[in-house]
Amino acid sequence: MIISWNTTQACNIQCLHCYRDAGAKQDDELSTEQGKKLLSEIAQAGFKIMILSGGEPLMRSDIYDLIRHARSVGLRPVLGTNGLLITPEVAVKLKEAGLAVAGISLDSKDKSKHDWFRQSDGSWEKTLAGMKACQEAGLPFQIHTTVSSLNEDEITDITDLAVKVGAIAHHIFFLVPAGRGKNIEETTLKTQAYEALLTRILEKKQQVPIEIKPTCAPQFMRIAKQKNIPMRYSRGCLAGTSYCVIIPNGDVQPCPYLPMKAGNVKQTDFTEIWRDSPLFNSLRHDVLKGGCSACGFSDVCGGCRARAYYYSDGDYLAEEPWCEYGR
């Protein structure tokens with residue numbers, strides 16, 4: 001099982017798509033001690049992979065202590081970062097703290113295009129420098145790309161770049177309208193483009209020596225099954241079933257893009273929220289609607305619950321809007 005903690009709302013850049021609408025630190029963010037308590041409860045609940053993200057997690061001065069604590073309680077800590085703050089010294093400190101992998105965002109092979117999307121001049125160069133620092137420190141890193149109509153034509157080229165710079169994986173996040181992402185909703189991939197890119201990604205997966213994983217596009221599991229492409233995953237959308245997120249103020253949500261509260265770790269132990277939340281139990285057991293209940297692949301796909309929520313005015317059990325399969 002895998003879990004994310006958006007450790008802070010603070011960020012050093014203003015990306016166009018940011019689901020957290022990150023910028024300034026919030027006054028009610030979890031403290032170091034609250035964070036360590038949370039990490040211990042997460043381990044007790046049976047989670048294994050702990051993603052520490054933001055905002056920009058490297059803007060938390062205690063991030064190394066949090067990584068060490070996560071490792072000490074049996075979690076595998078992973079960082080989700082824009083990479084701009086990863087100097088050679090920071091990479092060494094992350095490695096020494098016990099970080100397993102740094103997930104670094106790169107949204108284009110074109111410098112100016114990436115800088116525009118991230119609203120930060122020079123960010124492409126700094127991001128690549130952060131990757132190099134990780135490599136020199138012996139810290140594994142992977143590339144995270146947010147895909148939309150703005151860069152869909154270069155996604156597999158970015159995979160080739162990932163191989164070239166020594167990344168261990170390329171994780172491709174399909175844009176979901178949340179946070180500032182709502183402002184660029186018109187760039188989300190829809191229906192035929194959605195399906196076509198997923199097919200290209202899965203075909204590319206068989207040609208490169210690194211892992212490629214689509215995220216927020218659970219139909220990749222259905223396509224893989226139809227094409228007999230082996231996958232090490234059991235299901236596409238994991239929201240509330242084997243994944244959830246804690247946002248900076250301690251609220252627990254099924255995923256970063258589905259703004260529904262299951263509880264708050266300041267008031268209730270995480271283990272209790274994960275076990276007993278009516279929202280989580282609904283996501284685990286209720287029957288999905290529309291095409292998602294009739295396609296025959298709901299067990300391996302599940303449809304994007306966040307996209308269903310956004311496009312159906314809050315019905316998280318609605319059918320996936322950009323998948324025609326089964327309709």
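Side-chain atoms are counted along with the backbone in the values below, which use heavy atoms only and exclude waters and symmetry mates. This one's a predicted model, so the numbers in the text were calculated from it and none came from an experiment.
The nearest pair of heavy atoms linking Asp315 to Lys289 is OD2-NZ, 2.8 Å. Shown here for Leu288 and Ser293, the closest heavy-atom pair between the two residues is O-CB, 2.9 Å. For Ile210 against Thr159, the heavy-atom pair with the smallest separation is CD1-O, 4.3 Å.
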### Task
Determine, step by step, whether Leu189 and Ser149 satisfy the side-chain contact (heavy atoms from CB on, under 4.5 Å) criterion, reporting the C-alpha distance in whole Å, the side-chain angles of both residues, the deciding distance to 0.1 Å, and the verdict.
CA-CA 6 Å; Leu189 297 191; Ser149 62; 4.2 Å; yes
### Task
Determine, step by step, whether Lys48 and Leu75 satisfy the side-chain contact (heavy atoms from CB on, under 4.5 Å) criterion, reporting the C-alpha distance in whole Å, the side-chain angles of both residues, the deciding distance to 0.1 Å, and the verdict.
CA-CA 5 Å; Lys48 300 300 180 185; Leu75 295 170; 5.8 Å; no
### Message
Under the criterion side-chain contact (heavy atoms from CB on, under 4.5 Å), I'd like the reasoning laid out for Thr268 against Asn264: C-alpha separation, chi angles, the key distance, then a yes or no.
### Response
CA-CA 6 Å; Thr268 310; Asn264 185 287; over 6 Å; no
### Message
Pair Ser282, Tyr316 - check side chain to side chain donor-acceptor pair (under 3.5 Å), show working.
### Response
CA-CA 10 Å; Ser282 172; Tyr316 60 90; 2.8 Å; yes
### Query
Given the rule in the side chain to side chain donor-acceptor pair (under 3.5 Å) test, do Ser105 and Asn82 qualify, once you have shown the distances and angles that lead to the verdict?
CA-CA 5 Å; Ser105 298; Asn82 57 46; over 6 Å; no
### Task
With side chain to side chain donor-acceptor pair (under 3.5 Å) as the test, would you mind laying out the steps for His170 and Thr145 before giving the verdict?
CA-CA 8 Å; His170 185 200; Thr145 301; 2.9 Å; yes
### Task
With salt bridge (charged side-chain N to carboxylate O under 4.0 Å, His left out) as the test, would you mind laying out the steps for Glu195 and Arg222 before giving the verdict?
CA-CA 11 Å; Glu195 184 95 358; Arg222 185 253 303 160; 2.7 Å; yes
### Message
Pair Cys292, Arg305 - check side-chain contact (heavy atoms from CB on, under 4.5 Å), show working.
### Response
CA-CA 10 Å; Cys292 285; Arg305 295 301 94 216; 3.6 Å; yes
### Query
So Arg235 and Asp299, salt bridge (charged side-chain N to carboxylate O under 4.0 Å, His left out) or not? Walk me through it.
CA-CA 7 Å; Arg235 197 168 191 266; Asp299 57 333; over 6 Å; no
### Query
Run the salt bridge (charged side-chain N to carboxylate O under 4.0 Å, His left out) check on Glu152 and Arg200 step by step: do they pass?
CA-CA 10 Å; Glu152 64 173 307; Arg200 273 176 51 211; 5.4 Å; no
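Side chain of Gln119 to main chain of Trp116: a donor-acceptor pair is present (N/O by atom type, distance under 3.5 Å, no hydrogens or angles). Between the side chain of Glu319 and the main chain of Gly291, a donor-acceptor pair closer than 3.5 Å is present. Proximity of a side-chain donor or acceptor of Gln253 to a complementary backbone N or O of Cys255 within less than 3.5 Å is detected. A donor-acceptor pair under 3.5 Å is absent between the side-chain atoms of Asp269 and the main chain of Thr271, judged by distance alone. Ser298 places no side-chain N or O within donor-acceptor distance of the main-chain N or O of Ala294, the cut-off being under 3.5 Å. Checking side-chain atoms of Asp115 against main-chain N and O of Ser123 turns up a donor-acceptor pair under 3.5 Å. A donor-acceptor pair is defined here as one N or O able to donate and one able to accept, closer than 3.5 Å; such a pair exists between the side chain of Asn281 and the backbone of Arg275. Lys95 places a side-chain N or O within donor-acceptor distance of the main-chain N or O of Gly138, the cut-off being under 3.5 Å. Without hydrogens or angle criteria, Arg307 side chain to Val176 main chain gives no donor-acceptor distance under 3.5 Å.
Heavy-atom neighbours of Asp27 CG from other residues, nucleotides or ligands within 6.0 Å: at or below the threshold of 12. Other residues, nucleotides and ligands place no more than 12 heavy atoms under 6.0 Å from the NZ atom of Lys182.
The line from NZ of Lys132 to OG1 of Thr127 is 15.0 Å long, rounded to the nearest 0.5 Å. How far CD1 of Ile158 is from NE2 of His144: 13.0 Å, rounded to the nearest 0.5 Å. Rounded to the nearest 0.5 angstrom, Arg60 CZ and Asp65 CG are separated by 10.0 Å. Atom CZ in Phe174 sits 9.5 Å away from atom SG in Cys216 (nearest 0.5 Å). Going from atom CD1 of Ile3 over to atom CD1 of Ile42 covers 4.0 Å, rounded to the nearest 0.5 Å.
Side chains of Glu33 and Ser31: no donor on one and acceptor on the other come within 3.5 Å. Of the N and O atoms on the side chains of Tyr194 and Gln219, at least one donor lies less than 3.5 Å from an acceptor on the other residue. Residues Asn151 and Ser108 have side chains that never bring a donor and an acceptor to within less than 3.5 angstrom of each other.
With a 4.5 Å cut-off on side-chain heavy atoms, Pro57 and Trp5 do not count as touching. Residues Pro248 and Thr8 fail the side-chain proximity criterion, which asks for heavy atoms closer than 4.5 Å. Contact check for Ile143 versus Ile104: no side-chain heavy atoms found under the 4.5 Å cut-off.
One hydrophobic cluster holds both Val147 and Tyr310 under the rule that ILVMFWY side chains link at heavy-atom gaps under 4.5 Å. Under a hydrophobic-cluster definition in which Ile, Leu, Val, Met, Phe, Trp and Tyr are linked whenever side-chain heavy atoms come within less than 4.5 Å, directly or via other members, Leu99 and Phe47 are assigned to the same cluster. Connection of Val300 to Tyr325 is established within a shared hydrophobic cluster, with ILVMFWY side chains joined at heavy-atom distances below 4.5 Å, either directly or through further cluster members.
Using a 4.0 Å cut-off between charged side-chain N and carboxylate O, Glu96 and Arg68 make no salt bridge. Look at Arg118 and Asp107 and you find a salt bridge, because one of the NZ, NE, NH1 or NH2 atoms lies within 4.0 Å of a carboxylate O, short of that distance. In summary, Glu211 and Lys205 do not engage in a salt bridge, as defined by a charged side-chain N under 4.0 Å from a carboxylate O. By the 4.0 Å N-to-carboxylate-O rule, Glu41 lies close enough to Lys37 to be salt-bridged with it.
Partner of Lys204 under the side chain to side chain donor-acceptor pair (under 3.5 Å) criterion, out of Thr199, Asp157, Asp160: Asp160 alone. A side chain to side chain donor-acceptor pair (under 3.5 Å) with Gln9 is found for one member of Arg20, Glu29, Glu56 and no other, namely Arg20.
Between Phe270 and Trp274, the ring planes are parallel. Angles under 30° get that label, and only those over 60° would be called perpendicular. The aromatic rings of His17 and Phe117 sit parallel, their planes meeting at an angle under 30°, below the 60° perpendicular limit.
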